[in-house]
Peer 1: 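Dumping the structure here so I can ask a few things about it.
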Amino acid sequence: MKLSSLLERLEYTCIQGSTDQEVTAVVYDSRKVEDGSLFICIRGAVADGHKFIPDVVAKGAKTLIVEEEVTVPEDVAVILVKDTRYAMAFISAAWFGYPAESLKTIGITGTKGKTTTTYMVKSILENAGYKVGLIGTIEAIIGDKVIPAANTTPESFVIQQYFREMVDAGCDSVVMEVSSQGLMLHRTQGFVFDYGIFTNIEPDHIGPNEHRDFGHYLSCKAMLLRQCRVGIVNRDDEHFDRIVEGHTCTLETYGFSAEADLRAEDAQLVGGKGYLGISYHLKGLLDFPVEIDIPGKFSIYNSLTAIAICRHFKVSEENIIKALKVAKVKGRIEMVKVSDDFTLMIDYAHNAMALESLLTTLKEYNPHRLVCLFGCGGNRSKLRRYEMGEVSGRLADLTIITSDNPRYEEPQAIIDDIKAGMARTDGKFVEIPDRKEAIAYAIHHGEPGDIIILAGKGHEDYQEIEGRKYPMDERVLIADILAGR
């Protein structure tokens, strides 16, 4: 492909060479450079791509995308841009033939609810006959192909590659999670989302290598409303006015507020043998009853978001109701049937904020006992351990402290930190370092009316110890325990 074609939607200065030359590959990892490559010099948190210029030129790179002037042989074209990450998004879109233009694109951002909502949207649209690709925290799904995720929002080159594969696989739409980091690093540039969704915002991802403060975090997330045609925002969020400030899209809202375009009324908790759910009546732009087999007020928000999107796809009321009833997300309040007497579920809650939200929600169902099993990851902030121990001690009737991903730490040292947080409360606990034994204890000691939550691992199917990932899927462990293995 000609270099000029790759640069056609970018502002740039050609400071050496010609834009008429051919490009054989677009690369941002110096190890993948081959003869004729275009190499994009990305300034990362760990390394600066400009430092690899002598190496990539020696390997045959014939075009460099840079943020500063460099000295290289005359046969190398040098393109100066203001921001190489921003440029990479547009170059990648051109390289793959602007695949987003052949898809209906849906981007979902927010502190909570992104993952569940993406799967709900996929479920509803597929139920209505659409073929939907997905990019998110757990995986990317392209037709029958499933690719485990490394980042919530991949690099722009990978996003465009996935879009191209989706179009080639016959997909007509894509729903993806959009992280604040992804927006900040311009990973979602190079195209405009048809629909951009803002679920909610709470302080998170603030610290070194992430966001300097809450204001920066919010402003990065709000960028989505300047990168989409239709913006759909939670009207109930206390930061609503700041979220929508400066938006360039057509705006729609959802929530419980009387001002919301789509709103939930008459919410009711629903419970049965081994399962929990919630029901409500949808009012505003649509009018019909909804029931979901996922507990909690946040499930209403997630479903409202999904409905608000699918309304634009002309999905029938019947299809929406049916699809919401069966929508499930691996590791997000995922109920696993083990008994008619009590309810057991798996959830990814792996910090104090998520755990508090989850346990508070489950307490609303007035269980006989709320039992919380969790551990904490090694080589991570000790503060998280104290906080999670305190939250579980305060809200759960029984806490089962166990191991998560100890990484390079001793599991017992992590458990001791969790117990230090527990000690600030009157909460009862048992400690069982082996996670399978801990789950077996929870199941075998389950009492009628209990709600048992296995927190922290969620969709993960491994346990990380001393730099190695060992297979460990809680669903498999439960099956083994029930079978007496």
Side-chain angles (χ1 to χ4, degrees), residues 1-102 133 135 139-140 142-143 145-151 153-169 182 185-191:
M1 184 182 269
K2 273 208 179 344
L3 174 57
S4 57
S5 298
L6 292 172
L7 301 174
E8 63 187 4
R9 298 188 185 180
L10 265 180
E11 286 186 20
Y12 65 92
T13 304
C14 181
I15 57 176
Q16 179 174 302
S18 167
T19 59
D20 283 335
Q21 69 183 31
E22 289 291 323
V23 171
T24 60
V26 171
V27 183
Y28 58 96
D29 180 339
S30 62
R31 294 165 296 185
K32 296 180 180 177
V33 168
E34 56 190 54
D35 194 44
S37 289
L38 175 152
F39 179 69
I40 305 168
C41 300
I42 301 292
R43 293 190 201 278
V46 178
D48 180 354
H50 294 82
K51 292 180 178 175
F52 298 105
I53 285 175
D55 180 38
V56 300
V57 168
K59 286 181 177 178
K62 290 293 184 283
T63 305
L64 300 175
I65 309 294
V66 298
E67 291 178 8
E68 60 190 46
E69 294 199 20
V70 296
T71 303
V72 290
E74 289 182 4
D75 64 336
V76 179
V78 181
I79 305 298
L80 181 68
V81 296
K82 187 178 177 183
D83 187 315
T84 51
R85 280 192 176 277
Y86 184 85
M88 179 162 76
F90 285 87
I91 291 168
S92 300
W95 178 253
F96 289 106
Y98 302 108
E101 294 176 5
S102 301
I135 301 173
E139 62 206 357
I142 304 168
K145 184 177 173 184
V146 176
I147 307 158
N151 303 96
T153 308
E155 290 288 359
S156 56
F157 182 88
V158 177
I159 290 174
Q160 295 295 335
Q161 182 179 9
Y162 286 170
F163 283 178
R164 169 45 56 199
E165 289 182 29
M166 287 173 188
V167 172
D168 293 346
L185 299 174
H186 306 306
R187 290 173 183 167
T188 55
Q189 286 288 355
F191 69 102

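Numbers here are sequence positions counted from 1.
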Peer 1: Go through the structure and list residues passing side chain to side chain contact (heavy atoms under 4.5 Å, CB included) with Leu185, not counting sequence neighbours.
Peer 2: Arg85, Gln181, Arg187
Peer 1: Going from SG on Cys14 to CG on Leu7, what distance comes out if it is rounded to the nearest 0.5 angstrom?
Peer 2: 8.5 Å
Peer 1: The criterion is ring-ring contact (aromatic ring centres under 6.0 Å, His included); which residues satisfy it with Phe96, sequence neighbours excluded?
Peer 2: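 For Phe96, the residues satisfying ring-ring contact (aromatic ring centres under 6.0 Å, His included) (neighbours in sequence not counted) are Phe157.
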Peer 1: Indicate yes or no: at least one non-hydrogen side-chain atom of Phe191 is less than 4.5 angstrom from one of Gln160.
Peer 2: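 The answer is yes, as the side chains (C-beta and beyond) meet within the 4.5 Å cut-off.
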Peer 1: Answer yes or no: is there a side-chain heavy-atom contact under 4.5 Å between Tyr12 and Ile65?
Peer 2: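 Counting from C-beta outward, Tyr12 and Ile65 never come under 4.5 Å.
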Peer 1: Checking Tyr98 now: which residues fulfil ring-ring contact (aromatic ring centres under 6.0 Å, His included) with it, not counting sequence neighbours?
Peer 2: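 So Tyr98 forms no ring-ring contact (aromatic ring centres under 6.0 Å, His included) with any residue.
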Peer 1: Any pair with a residue in residues 63-84 that passes ring-ring contact (aromatic ring centres under 6.0 Å, His included), sequence neighbours left out, goes on the list, sorted by first then second residue, please.
Peer 2: none
Peer 1: Return the set of residues passing side chain to side chain contact (heavy atoms under 4.5 Å, CB included) with Ser156 (not counting sequence neighbours), or none when no residue passes.
Peer 2: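 Ser156 satisfies side chain to side chain contact (heavy atoms under 4.5 Å, CB included) with Met88, Ala89, Ser92 once adjacent residues are dropped.
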Peer 1: So how far is it from Thr84 OG1 to Ile91 CD1, rounded to the nearest 0.5 Å?
Peer 2: 9.0 Å
Peer 1: Who pairs with Phe90 by ring-ring contact (aromatic ring centres under 6.0 Å, His included), at least two apart in sequence or on another chain?
Peer 2: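 Testing Phe90 for ring-ring contact (aromatic ring centres under 6.0 Å, His included), a comparison that skips the adjacent residues, returns Tyr86.
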Peer 1: Sequence neighbours excluded, which residues qualify as side-chain hydrogen bond (donor to acceptor under 3.5 Å, both in side chains) partners of Asp55?
Peer 2: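 So Asp55 forms no side-chain hydrogen bond (donor to acceptor under 3.5 Å, both in side chains) with any residue.
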Peer 1: Would you please indicate yes or no on a ring centroid separation below 6.0 angstrom for Phe39 and Phe52?
Peer 2: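 Ring centroids of Phe52 and Phe39 are no less than 6.0 Å from each other.
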Peer 1: Going by salt bridge (charged side-chain N to carboxylate O under 4.0 Å, His left out), name the pairs with one or both residues in residues 33-53, residues two or more places apart or in two chains.
Peer 2: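 Sorted pair list: Asp35-Lys62, Arg43-Asp48, Arg43-Glu67, Arg43-Glu68.
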Peer 1: Which atom pairs, donor and acceptor, lie under 3.5 Å between side-chain atoms of residues 73-82 and protein residues at least two apart or in another chain?
Peer 2:
none

Peer 1: Do the side chain of Thr153 and the main chain of Gly182 share a donor and acceptor less than 3.5 angstrom apart?
Peer 2: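 Not a single qualifying donor-acceptor pair exists.
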Peer 1: Not counting sequence neighbours, list each pair that qualifies as a salt bridge (charged side-chain N to carboxylate O under 4.0 Å, His left out) and has a residue in residues 12-29.
Peer 2: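 Only Lys2-Glu22, Asp29-Arg31 qualify under salt bridge (charged side-chain N to carboxylate O under 4.0 Å, His left out).
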